[in-house]
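Working notes, beginning with the structure itself.
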2 protein chains.
Amino acid sequence: MEPEKNNLRYVPKSVIKRLALYCRILHRIEMDGLTRISSKILAQFLGITPAQVRKDLAYFGQFGVPGFGYNPHDLRIHLKKILGTDRIINLAIIGVGNLGKALLSYVGFKTQGFKFIAAFDLDQRKVGRKINELKVSSINELEKILKDSDVDIVVLTVPANAAQEVVDRLVKCNITAILNFAPIRIDVPSHVRIHSVDLAMELERLSFYLR
Amino acid sequence: MEPEKNNLRYVPKSVIKRLALYCRILHRIEMDGLTRISSKILAQFLGITPAQVRKDLAYFGQFGVPGFGYNPHDLRIHLKKILGTDRIINLAIIGVGNLGKALLSYVGFKTQGFKFIAAFDLDQRKVGRKINELKVSSINELEKILKDSDVDIVVLTVPANAAQEVVDRLVKCNITAILNFAPIRIDVPSHVRIHSVDLAMELERLSFYLR
DNA sequence: TAGATTGTTAATCGATTAACAATC
DNA sequence: TAGATTGTTAATCGATTAACAATC
């Protein structure tokens with residue numbers, strides 16, 4: 001038996017990663033008008049084994065029909081509920097430099113149900129300017145604004161040397177999920193989730209394989 | 001004994017990932033003026049075990065002195081050589097939208113030794129414009145320009161529906177390493193490395209942990 | 001019913017960690 | 001020399017895959 005079956009926090013991280021992938025594929029299958037899909041075909045789309053698809057889903061319940069397969073639409077809805085993306089997720093962004101601005105207008109976030117509701121920067125020249133309908137606030141107002149808002153996830157696009165300090169403030173504001181683009185390891189209490197995307201490091205890893 | 005010890009391609013991906021991390025930490029340690037570092041301390045910085053640090057390094061040789069530890073500078077130089085980042089790595093970018101522009105001016109790439117030497121876009125209004133000293137070329141000239149250039153890695157920031165087609169062309173141009181930001185699975189021949197950064201998916205995974 | 005595919009258990013595989021002889 | 005820390009082997013842990021009874 002799986003340990004802690006009913007506690008979603010103990011689902012392996014690799015499974016969560018694939019969950020979002022399943023949603024994508026299922027959406028495409030739905031668009032194609034198909035009304036059934038087997039673990040075998042689903043696995044083919046992802047380049048994994050059918051057993052893994054079924055095992056991943058088993059962490060959360062039984063969604064298929066033996067001898068038949070899965071209903072793409074129903075399964076996707078289930079998975080979205082499990083991921084928590086069956087509603088609009090509110091974002092705040094801190095650091096409105098080039099990357100920050102690009103993310104603020106990234107359509108992929110919007111189509112996946114994410115919405116920026118606050119943006120902050122240290123630079124007073126940027127404060128008050130609007131980017132994609134959203135007014136940039138001063139970082140001085142971070143606590144005041146976050147307190148009254150429903151921010152679910154904070155996107156962090158500040159320079160590396162500012163990141164830890166900002167995160168400490170976010171933690172005090174009861175933010176529990178952070179997507180960090182600063183190329184530095186950040187300490188957070190165990191109840192806070194921080195995922196880091198290190199763009200330069202992705203390139204370094206690719207370099208290794210250049211013949 | 002490790003299988004294929006002398007063939008770097010068989011080093012686990014997780015080890016390569018940490019290699020770049022080690023470089024970062026070692027650089028900081030060097031800046032702090034330290035001339036020795038143990039696997040224990042190095043591990044602490046990364047939140048892993050000392051055994052893992054030593055095992056990772058063992059894939060590539062012996063870099064330490066028993067009873068003493070490692071020389072931060074020497075180890076970092078070794079690791080950079082292994083990663084292939086001991087020289088300037090040339091990049092091309094395809095798709096000069098918001099994200100593309102942000103990456104073109106991302107200082108993190110420059111400081112880590114990456115250099116954009118070509119940029120392409122489909123939109124004729126963008127062609128000829130300069131971004132960060134670099135002239136945007138028409139995607140029509142992709143083959144012509146890549147043929148005469150020393151591009152090591154291509155950064156792909158085109159819409160999802162254009163990604164596969166562009167990659168097919170890149171493969172024909174003998175590009176073997178791609179960093180893809182389009183949120184779609186892309187097929188490549190086995191000799192081509194493609195790493196995908198799916199920004200929306202990072203947020204979806206975080207959503208899961210929101211209480 | 002026969003055929004197909006699920007959900008789940010057991011086997012396998014790979015990666016991490018512990019332990020320790022070698023050695024500076 | 002005594003103390004410290006490496007490099008490496010063996011043990012452990014966790015995740016993936018194979019197999020198959022259950023069942024539509």
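Heavy-atom basis, side chains included; hydrogens, waters and symmetry copies ignored. A, B, ... follow the sequence lines: proteins, then strands. Residue 1 opens every chain.
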Q | B/N132 versus B/S105, side-chain donor and acceptor atoms under 3.5 Å | A | no

Under 3.5 Å, side-chain donor or acceptor atoms of residues 21-30 of chain B against the rest of the protein: list the pairs with distances, not counting sequence neighbours.
residue	atom	partner	partner atom	Å
B/Y22	OH	B/D56	OD2	2.6
B/R24	NH1	A/D198	OD2	2.4
B/R24	NH2	A/D198	OD1	3.1
B/R24	NH2	A/D198	OD2	3.4
B/E30	OE1	B/R76	NE	2.7
B/E30	OE1	B/R76	NH2	3.4
B/E30	OE2	B/H73	ND1	2.6

Q. In residues 26-45 of chain A, which residues come under 4.0 Å of DNA chain D by heavy atom?
A. none

Q. Once you round it to whole Å, what is the distance between P of D/dT5 and CG of B/N71?
A. 15 Å

Q | Check: B/T85 side chain, B/K81 main-chain N or O, donor-acceptor pair, under 3.5 Å | A | no

Q. Considering residues at least two apart in sequence or located in another chain, which fulfil the ring pair (Phe, Tyr, Trp, His ring centres under 6.0 Å) criterion with B/F68?
A. none

Q: Could you tell me which residues satisfy side chain to side chain contact (heavy atoms under 4.5 Å, CB included) with B/D187, sequence neighbours excluded, listed by chain and number?
A: B/Q164, B/R185

Q.
Show the nearest heavy-atom pair for residues A/A102 and B/A102, with the distance to one decimal.
A. CB-CB, 3.8 Å

Q) What string of B, S and - do you get for nucleotides 18-24 of chain D 5' to 3' if you count protein non-hydrogen atoms under 4.0 Å? A) BB---BB

Q: Could you tell me which residues satisfy side chain to side chain contact (heavy atoms under 4.5 Å, CB included) with A/D121, sequence neighbours excluded, listed by chain and number?
A: A/V96, A/D123, A/K126, A/V136

Donor-acceptor pairs under 3.5 Å, side chain of residues 87-94 of chain B to any protein atom, not counting sequence neighbours: which ones?
residue	atom	partner	partner atom	Å
B/R87	NH1	B/D152	OD2	3.3
B/R87	NH2	B/D152	OD1	3.3
B/N90	ND2	B/D150	O	3.3

Compile the donor-acceptor pairs under 3.5 Å between side chains in residues 112-120 of chain B and protein atoms, sequence neighbours left out, one pair per line.
none

Q: Using whole Å, report how far CG of A/L46 lies from P of D/dT16.
A: 13 Å

Q) D/dT8 P sits how many Å from B/F63 CZ, rounded? A) 11 Å

Q) Counting distance only, does the side-chain N/O of B/T157 pair as donor-acceptor with the main-chain N or O of B/G95 below 3.5 Å? A) yes

Q) Do B/K172 and B/E143 meet the salt-bridge criterion of a basic N to acidic O distance under 4.0 Å? A) no

Q: For DNA chain C, produce a single dot-bracket line, 5' to 3'. Pairs: Watson-Crick or G-U wobble, both distances under 3.5 Å. Symbols: ( ) within strand, [ ] crossing, | other strand, . unpaired.
A: ..||||||||||||||||||||||

Q. Looking at residues at least two apart in the chain, or sitting in another chain, which of them share a side chain to side chain contact (heavy atoms under 4.5 Å, CB included) with B/A177?
A. A/L206, A/L210, B/I153

**Q.** Whole angstrom value for the distance that separates P of D/dT17 from CG of A/D56
**A.** 10 Å

Q: Under the ring pair (Phe, Tyr, Trp, His ring centres under 6.0 Å) rule, collect the residues that match up with A/Y106, sequence neighbours excluded.
A: A/F109

For nucleotides 12-15 of chain C, give me every protein contact, N/O to N/O, under 3.5 Å, one pair per line with atom names.
none

